[in-house]
Amino acid sequence: MIPYGKVATYGQIAKLAGLPKHARLVGYVLKHLDKSSEIPWYRVINSQGKISVTRINQQGENVQQSLLEQEGIYLPNGKVSLKEFSWMP
């Protein structure tokens with residue numbers, strides 16, 4: 001449900017799922033998604049605005065960062081501006 005060009009935190013998703021304080025569980029579930037899944041896992045970041053996934057593509061780029069940048073979400077100093085890009089359902 002996270003719209004294009006927006007991000008949510010692991011904690012937000014846990015709370016929406018009825019599992020407050022289980023942000024790590026959200027991370028675990030997203031990490032183990034099938035590669036063919038269409039869930040936009042890359043739009044979920046940590047509470048500090050940093051990406052936590054370290055998947056690297058064949059060009060040596062961080063996959064999550066590349067996907068976010070394709071949606072116009074940039075990470076100056078390695079952080080997403082939650083003020084600007086946070087999704088608030």
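Please read these numbers as outputs of a predicted model, since none were measured by experiment.
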Within the structure provided, determine whether Leu25 and Leu19 are in side-chain contact (heavy-atom separation under 4.5 Å). yes

Is there a donor in the side chain of Glu69 and an acceptor in the side chain of Gln65, or the other way round, less than 3.5 Å apart? yes

Would you say Asn77 has more than 12 foreign heavy atoms packed within less than 6.0 Å of its CG? no

Exercise: identify the closest heavy-atom pair between Ile13 and Ala8: CD1-CB, 3.9 Å

Nearest heavy-atom approach of Lys6 to Ser86 is CD-O, 4.0 Å

In terms of heavy-atom contacts, does CD of Gln59 have more than 12 from other residues, nucleotides or ligands at under 6.0 Å? yes

Point-to-point distance, once rounded to the nearest 0.5 Å, from CG of Leu67 to CH2 of Trp41: 5.5 Å

Among Ile51, Thr9, Val29, Ile2, find the residue that satisfies the side chain to side chain contact (heavy atoms under 4.5 Å, CB included) test when tested with Val44. Ile2

Return yes if some donor-acceptor pair links the side-chain N/O of Ser37 with the main-chain N/O of Leu33 below 3.5 Å, else return no. no

If I take atom CD1 from residue Ile56 and atom CD from residue Gln64, how far apart are they, to the nearest 0.5 angstrom? 10.5 Å

Do Leu30 and Tyr10 pass the side chain to side chain contact (heavy atoms under 4.5 Å, CB included) test, and can you show the C-alpha distance, the side-chain angles, and the key distance before you say yes or no? CA-CA 10 Å; Leu30 292 176; Tyr10 294 101; 4.1 Å; yes

Nearest atoms (heavy-atom pairs only) where Gly11 meets Ala23: N-CB, 3.7 Å

For Tyr74, give me all partners under ring pair (Phe, Tyr, Trp, His ring centres under 6.0 Å), at least two apart in sequence or on another chain. none

Derivation of the side chain to side chain contact (heavy atoms under 4.5 Å, CB included) call for Tyr42 and Val63: CA-CA 8 Å; Tyr42 57 91; Val63 173; over 6 Å; no

Quick one: CG on Leu16 to CE on Met1, what's the gap to the nearest 0.5 Å? 7.0 Å

Contact summary for Gly5 and Ile73, nearest pair of heavy atoms: C-CD1, 3.4 Å

Side chain Gln12, main chain Trp87, donor-acceptor under 3.5 Å: yes

I'd like to know whether NZ of Lys15 has more than 12 heavy-atom contacts from other residues, nucleotides or ligands below 6.0 angstrom. no

Please list, chain by chain and in numerical order, all residues satisfying salt bridge (charged side-chain N to carboxylate O under 4.0 Å, His left out) with Glu71, sequence neighbours excluded. Arg43

